[in-house]
Protein chains: 2
Amino acid sequence: MPPRPGLSKAELEIARIVWELKDAGVRQVFEALPPGRDIDFTTVQTYLRRLEEKGYLNARLEGRNRVYSPKVRPSTVIRETVGEMVDLLFGGDTMPLMKHLVEDRKFSSNDIEQLRQLLDRLEGGGDGK
Amino acid sequence: MPPRPGLSKAELEIARIVWELKDAGVRQVFEALPPGRDIDFTTVQTYLRRLEEKGYLNARLEGRNRVYSPKVRPSTVIRETVGEMVDLLFGGDTMPLMKHLVEDRKFSSNDIEQLRQLLDRLEGGGDGK
DNA sequence: TTGACTCAATTACAATTGTACGTCATCATG
DNA sequence: CATGATGACGTACAATTGTAATTGAGTCAA
């Protein structure tokens with residue numbers, strides 16, 4: 001198969017809502033938009049249709065309503081999106097992104113502790129290259 | 001001022017080359033493309049022009065050649081791009097991205113050590129919220 | 001001095017994206 | 001039943017993006 005086409009920003013926004021709702025009709029997604037996000041109902045319809053066409057969502061007919069549910073797992077989309085960004089921004093090298101994040105974004109000491117533990121859990125699993 | 005329009009993928013690719021070269025004419029950028037990246041000279045020209053229009057690059061005339069140099073610093077572009085992605089993918093929350101990266105990308109034990117040190121250096125500087 | 005080249009500048013054009021409209025069917029209710 | 005709300009579905013359309021062709025001036029070498 002050809003690799004899935006990527007998601008556009010607006011599509012990603014909508015996909016996230018479906019992931020969260022697990023299972024949702026157009027109206028539900030529409031209503032789950034953050035306040036201030038002012039787009040038309042039919043626009044949401046369009047995004048959902050495109051997401052289905054691109055293979056990211058399943059759609060079934062419930063009565064005469066279309067109900068969408070995730071098809072590709074969020075973690076997959078995240079991996080692809082992040083991977084693409086790492087390629088684009090850092091030539092595929094993850095460490096610079098890590099450095100940027102650690103230095104640039106604010107973490108609470110709680111976060112820092114969590115990160116330490118994540119790293120600890122890694123040790124031994126890595127290929128140690 | 002209106003906020004700078006974002007960079008497209010192709011533009012980012014070209015911007016990265018300019019950052020690296022510090023100062024470059026179209027030809028140089030063109031030649032710095034990775035082997036296999038097969039786009040036309042004039043296409044590169046177009047991207048550089050757009051980058052200038054969008055305010056990311058400076059251009060000066062050297063003889064009758066246009067020489068481009070960075071105007072917005074890479075770190076700024078990186079911050080914006082990463083920030084946008086964090087918003088889109090994780091609703092603005094950085095930690096899930098960190099987790100994803102740590103769990104999903106392969107790090108050498110050397111990398112892990114470096115990350116630990118980064119975290120250590122943070123402690124005390126963070127707002128500890 | 002005539003090609004062969006090289007650039008800049010302009011223009012083009014298809015694909016993708018963000019956004020919405022129009023039409024038609026269905027349903028519930030006054 | 002007429003009417004208003006709701007949705008599916010198809011269509012539209014401008015902006016952005018990825019990519020290139022065209023045109024015209026300047027430079028170099030034969």
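Lettering of chains follows the sequences in order, A, B, ..., and the numbering in each one begins at 1. As the structure is a prediction and not an experimental result, all values here were calculated from the model.
Side-chain atoms of B/E80 and B/T76, non-hydrogen and from C-beta on, do get closer than 4.5 Å to each other. In this structure the side chain of B/N65 never reaches within 4.5 angstrom of the side chain of B/R27, judged on heavy atoms. With a 4.5 Å cut-off on side-chain heavy atoms, B/E13 and A/L88 do not count as touching.
Atom CD of A/E62 is separated from atom C1' of C/dC27 by 17 Å (rounded to the nearest Å). Regarding A/F41, its CZ atom lies at a distance of 16 Å from the P atom of D/dG10, rounded to whole Å. Following rounding to the nearest Å, B/Q45 (CD) and C/dT6 (P) show an atom-to-atom distance of 13 Å. Counting to the nearest Å, the C1' atom of D/dG7 and the CZ atom of A/F30 are 13 Å from each other. Between the CZ atom of A/R60 and the P atom of D/dG7 there is a distance of 16 Å, rounded to whole Å. One interatomic measurement links the two molecules: CD of B/Q28 to C1' of C/dT6, which rounds to 14 Å at whole-angstrom precision. For the pair B/E52 CD and C/dT10 P, the interatomic distance rounds to 12 Å; values are reported in whole Å. Between the CG atom of B/N65 and the P atom of C/dT6 there is a distance of 12 Å, rounded to whole Å.
Comparing C/dA8, C/dT6, D/dT6 by their nearest atom to the side chain of B/R66 picks out C/dA8. Nearest nucleotide to the side chain of B/R64, out of D/dT22, D/dA8, D/dT27: D/dT27.
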| Full working for side-chain hydrogen bond (donor to acceptor under 3.5 Å, both in side chains) between B/T42 and B/D40 | CA-CA 5 Å; B/T42 58; B/D40 198 275; 2.9 Å; yes
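The side chain of A/R27 contributes an N or O atom lying less than 4.0 Å from OP1 or OP2 of D/dG7.
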| note | Reading nucleotides 13-19 of chain C from 5' to 3' and marking B where a protein heavy atom lies under 4.0 Å of the base, S where only the sugar-phosphate is that close, and - otherwise, the string is ----SBB
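The two atoms that bring A/Y56 and A/G6 nearest to each other are OH-CA, 4.0 Å, heavy atoms only.
Formation of a donor-acceptor pair under 3.5 Å by the A/Q28 side chain with backbone atoms of A/G25 is found in this model.
Exactly one residue among B/R49, B/Q45, B/E31 makes a side-chain contact (heavy atoms from CB on, under 4.5 Å) with B/V26. That residue is B/Q45.
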